[in-house]
Amino acid sequence: MWRIVVATVIEGKKTHDLVSLILAACLFVSPWLFGFADETMPAWNSWIVGIALGTLAVALRLAFAEWQEWASLALGLWLFASPWVLDFGGNTNALWTHLGLGVLSAALSAWAILDNRDQPGPHA
């Protein structure tokens, strides 16, 4: 199974965008899945950043612009920092959701930026 995932990721840059869209959807539904929908800061942060990441992922699938990947990277870093900045680090479910999805999102965006720099030209 991992070979299929790795092969799919290697096949095209647009796969980055699809995975980003999936991460955005996971982030958006995470307050309900992990039981922090009643807590204002982590829930709204998940919903707003999830919508922003999803919008960027769709935009990247339609027409590549490097600034969109940089914006996705910034949102991933924000997700990682937000439990402390917004002071909801005490909620274990919200903390680990934001940390995990933040690291994945930032790493995916950094990979896409580096991949684009290694192979200039249109986003395939």
- Note on the structure: To the nearest 0.5 Å, atom CD of Q68 lies from atom OG of S20 at 11.0 Å
- Query: Between M41 and D87, does a side chain to side chain contact (heavy atoms under 4.5 Å, CB included) hold up when you go through it step by step?
  - Reply: CA-CA 8 Å; M41 284 295 183; D87 196 29; over 6 Å; no
- All heavy atoms of P31 vs all of S46, minimum pair found to be CG-CB, 3.6 Å
- Message: Does any part of the side chain of L95, heavy atoms only, come nearer than 4.5 Å to the side chain of W84, both counted from C-beta?
- Response: yes
- Check against side chain to side chain contact (heavy atoms under 4.5 Å, CB included), L23 and L53: CA-CA 8 Å; L23 289 175; L53 283 172; 5.9 Å; no
- Of the options N91, N93, N45, which is the one that meets H98 in a side chain to side chain donor-acceptor pair (under 3.5 Å)? N45
- Message: Please find the pair of heavy atoms, one from A24 and one from G54, that lie closest to each other, and give the distance.
- Response: CB-N, 3.4 Å
- Item | Joint cluster assignment, I51 & L21, ILVMFWY side-chain distance < 4.5 Å | no
- Examine W78 and L101 and state if one hydrophobic cluster contains both, with Ile, Leu, Val, Met, Phe, Trp and Tyr joined whenever side-chain heavy atoms are less than 4.5 Å apart. yes
- So CG of L86 and CD of E39: to nearest 0.5 Å the spacing works out to 12.5 Å
- Message: Hydrophobic clusters here meaning ILVMFWY residues chained together by side-chain heavy-atom distances under 4.5 Å, can you tell me if V85 and F88 are in one?
- Response: yes
- Write down the atom of A106, the atom of L73, and the distance for their closest heavy-atom approach. O-CD1, 3.3 Å
- Reported CG-to-CH2 distance for the pair L56 and W70, which is rounded to 0.5 angstrom: 14.5 Å
- Task: Show your reasoning for whether side chain to side chain contact (heavy atoms under 4.5 Å, CB included) applies to V19 and L104.
- Result: CA-CA 10 Å; V19 174; L104 289 173; over 6 Å; no
- Query: Got a second to check how far L18's CG is from L60's CG, nearest 0.5 Å?
  - Reply: 12.0 Å
- Are L79 and L27 close enough that some pair of their side-chain heavy atoms sits under 4.5 Å apart? yes
- Task: Count the heavy atoms belonging to other residues, nucleotides or ligands that lie under 6.0 Å from CH2 of W32, then report whether that count exceeds 12.
- Result: yes
- Task: Could you go through the ring pair (Phe, Tyr, Trp, His ring centres under 6.0 Å) check for W44 and W47 one step at a time?
- Result: CA-CA 5 Å; W44 277 99; W47 295 326; 5.2 Å; yes
- Query: Linking I/L/V/M/F/W/Y whenever any side-chain heavy atoms sit under 4.5 Å apart, do L99 and F34 land together?
  - Reply: no
- Can you tell me how far the CD1 atom of I48 sits from the CG atom of L75, to the nearest 0.5 Å? 11.0 Å
- Query: Would you say F28 and V49 make side-chain contact, with heavy atoms under 4.5 Å?
  - Reply: no
- Message: What I'd like to find out is whether the side chain of F80 reaches to under 4.5 Å of the side chain of S105, using heavy atoms alone.
- Response: no
- For side chain to side chain contact (heavy atoms under 4.5 Å, CB included), just list the numbers for F36 and S30, CA-CA rounded to whole Å, side-chain angles, deciding distance to a tenth of an Å, and then say yes or no. CA-CA 8 Å; F36 59 92; S30 67; 3.6 Å; yes
